[in-house]
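Everything below concerns the one structure shown next.
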2 protein chains.
Amino acid sequence: MSLAKPHADDSKQGTVAPTPRQRAVLDAALGLLVDPKAALTMTSVAKAASCSKESLYKWFGDREGLLTATVQWQAAKVRAVPLAREGIDLAVLRASLEHFATDWLTVLSGDTSVALNRLAVGEAGGAGHHLGTIVLENGPYAMGRRLEPVLAIGREAGLLEFDDGEAAFRDFFGLVVRDVQIRLLLGDPLKLSDDEIRSEARRATRQFLTLYGASQGSETAKRGPARPHGEDGPHDRDNPHKPNGKE
Amino acid sequence: MSLAKPHADDSKQGTVAPTPRQRAVLDAALGLLVDPKAALTMTSVAKAASCSKESLYKWFGDREGLLTATVQWQAAKVRAVPLAREGIDLAVLRASLEHFATDWLTVLSGDTSVALNRLAVGEAGGAGHHLGTIVLENGPYAMGRRLEPVLAIGREAGLLEFDDGEAAFRDFFGLVVRDVQIRLLLGDPLKLSDDEIRSEARRATRQFLTLYGASQGSETAKRGPARPHGEDGPHDRDNPHKPNGKE
DNA sequence: GGTTAATCGTACCGTACGTTACGGTACAGC
DNA sequence: GCTGTACCGTAACGTACGGTACGATTAACC
């Protein structure tokens, strides 16, 4: 349904251009957030950033504002999605999907993301849901908005077959993330190396193409589902030709 | 293996054999947990359960003990797993998988599960909080332990093809859960009706069998992977008695 | 030098909560 | 009846934290 709301609703994004000093504060907050020893309190942020609490309240309003600004500051850092838009063929599509999966798993399993999601989830219980909404917006929703155009292009090119783009995206999400995120959030000492992430991304992409690849036989039939990826050419997914002009 | 002992696991927690009075207290705690208005504090639990705080500390040691007992009490309630072990064929296997998926989605999207996972995730940040471990144990891990035998049976019967049972389970997990859990935890107002859950379970099962079903192709080809779940009206396959009486 | 604005450091306040302590009540066993 | 036990209700204590106030410091600008 209304999963993706890409419309520019900047009414609440009041965090207009944090000054360098404020950015340093937000980085300090992120540092505290990641540290499992430290608690993210106003006093601790002030001390870590060598600023006064009064300044924190002046700049961010209240604790919620500080957390919101921190989440958005982190989200702003993870904004780079190369997206191949033309000359589409199966190899390019596969590379794009693998790239998405790799990026997503990398972000997901990072300490910062885990800590941030923990904070937002924990905060989502009470009334001030604001934080969870923001993480949701910059997390799953953002991924959907970025991936669905790729899927649409794949469909236009006759490479994919699906009716519901959102459902397709969510299936891809499931194949990529599986139980990794919830396990990390619950404290599972799971650790993903870069190689494992790449491998997972390839597996998820292969499975997704098995499910959604157009029935040109070769993809789904010849290549058995349980079969490992026999590569097809150099999948240099680093094709930053068009870094996703949108948003 | 040594992790899951359905009963008589009083190894580490003194919270064994909760008396009826204590069970009532734990139910009260669960009630508070679900209520987004109330905070789960020792005082509120005592008041809701009409017991004294002194009794709480006597019975559960401290707050952590109370929460742990609450989680385990809830987990003990969700202990019912029909498991078809013989006379296996594709229809039975499919029914088992759909049953698993349905149960899992039902539990996952329940208020209690969401609240419990929120609590555990929020608590998992610091140290010494083994609450996340317990939820993990009774959540994803438990599902894996219960599902993997089914997958193994399916493989022995020549219905499934896979090398790594755990990987297969995790793929199934991803196809079933997708982004539902993280969205719920983050406060997404997503709501799943029973029909939607059944539909999702069928979709996930169909996709899983597409990926892992032994190469009797007809299954995957005829039905097609892109079959949407758009309709929730009366569907011919809605036969809970013997779902999908074999093709 | 003097004035002003921004910021720092810190003391302070109110509240929420975990935890403990204490008085009071019901009841079983003698 | 007396005593011990278990429990309830509540007051009290210590701490942590969000939020505020205020003097001190710096730096820009006249």
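As a basis for the values below, the full set of heavy atoms in this structure was taken, side chains included, without hydrogen atoms, waters or symmetry mates. Order of the sequence lines sets the chain letters (A, B, ...), proteins ahead of strands, with each chain counted from 1. Computed from a predicted structure; not experimentally measured.
Atom C1' of nucleotide D:dC8 and atom CG of B:Leu56 are separated by 11 Å, given to the nearest angstrom. Going from atom CZ of A:Phe60 over to atom P of D:dG19 covers 14 Å, rounded to whole Å. C:dA21 atom C1' lies 15 Å from atom NZ of B:Lys58, rounded to whole Å. The distance between atom CG of A:Leu32 and atom C1' of D:dC17, rounded to the nearest whole Å, is 15 Å. Distance NZ (A:Lys47) to C1' (D:dG18): 16 Å, rounded to an integer number of Å.
Here B:Trp59 reaches the OP1 or OP2 of D:dC7: one of its side-chain N or O atoms lies under 4.0 Å away. Side-chain nitrogen and oxygen atoms of B:Ser52 include none within less than 4.0 Å of the OP1 or OP2 phosphate oxygen of D:dC7.
For the ring-ring contact (aromatic ring centres under 6.0 Å, His included) test, no residue two or more places apart in sequence or in another chain qualifies with A:Phe60. In this structure A:Arg183 satisfies the salt bridge (charged side-chain N to carboxylate O under 4.0 Å, His left out) test together with A:Asp179, A:Asp188, sequence neighbours excluded.
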Identify all side-chain donor-acceptor contacts of residues 29-41 of chain A below 3.5 Å with residues at least two apart in sequence or on another chain.
from, atom 1, to, atom 2, distance (Å)
A:Asp35, OD1, A:Lys37, N, 2.9
A:Thr41, OG1, A:Thr43, N, 3.4

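Within the model, atoms OG of B:Ser109 and NZ of B:Lys191 stand 5.5 Å from one another, a figure rounded to the nearest 0.5 Å. Between B:Ser50 atom OG and B:Arg21 atom CZ the span is 7.0 Å, to the nearest 0.5 Å. The OG1 atom of B:Thr106 lies 9.0 Å from the CG atom of B:Leu108; values are rounded to the nearest 0.5 Å.
Looking at A:Glu123 and A:Arg63, a side-chain N of the basic residue comes within less than 4.0 Å of a carboxylate O on the acidic one, giving a salt bridge. Salt bridge status for A:Glu137 with A:Arg145: present, with a side-chain N to carboxylate O gap under 4.0 Å.
B:Gln74 places no side-chain N or O within donor-acceptor distance of the main-chain N or O of B:Val71, the cut-off being under 3.5 Å.
Inspection of the A:Asp195 and A:Ser199 side chains reveals no N or O donor paired with an N or O acceptor under 3.5 Å. Between the side chains of A:Asp171 and B:Gln207, at least one donor N or O sits under 3.5 Å from an acceptor N or O.
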Heteroatom pairs (N/O) under 3.5 angstrom, protein to nucleotides 26-28 of chain C:
none

Polar pairs (N or O, both sides) under 3.5 Å between protein and nucleotides 18-20 of chain C?
from, atom 1, to, atom 2, distance (Å)
C:dG18, OP1, B:Arg63, NE, 2.5
C:dG18, OP2, B:Thr41, OG1, 2.5
C:dG18, OP2, B:Met42, N, 2.9
C:dT19, OP2, B:Tyr57, OH, 3.3
C:dT19, OP2, B:Arg63, N, 3.0
C:dT19, O4, B:Lys53, NZ, 2.2

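Overall, the helix from C:dG1-D:dC30 to C:dC30-D:dG1 carries an axis bend of 10° between its ends, with five pairs at each end and the value rounded to 10°.
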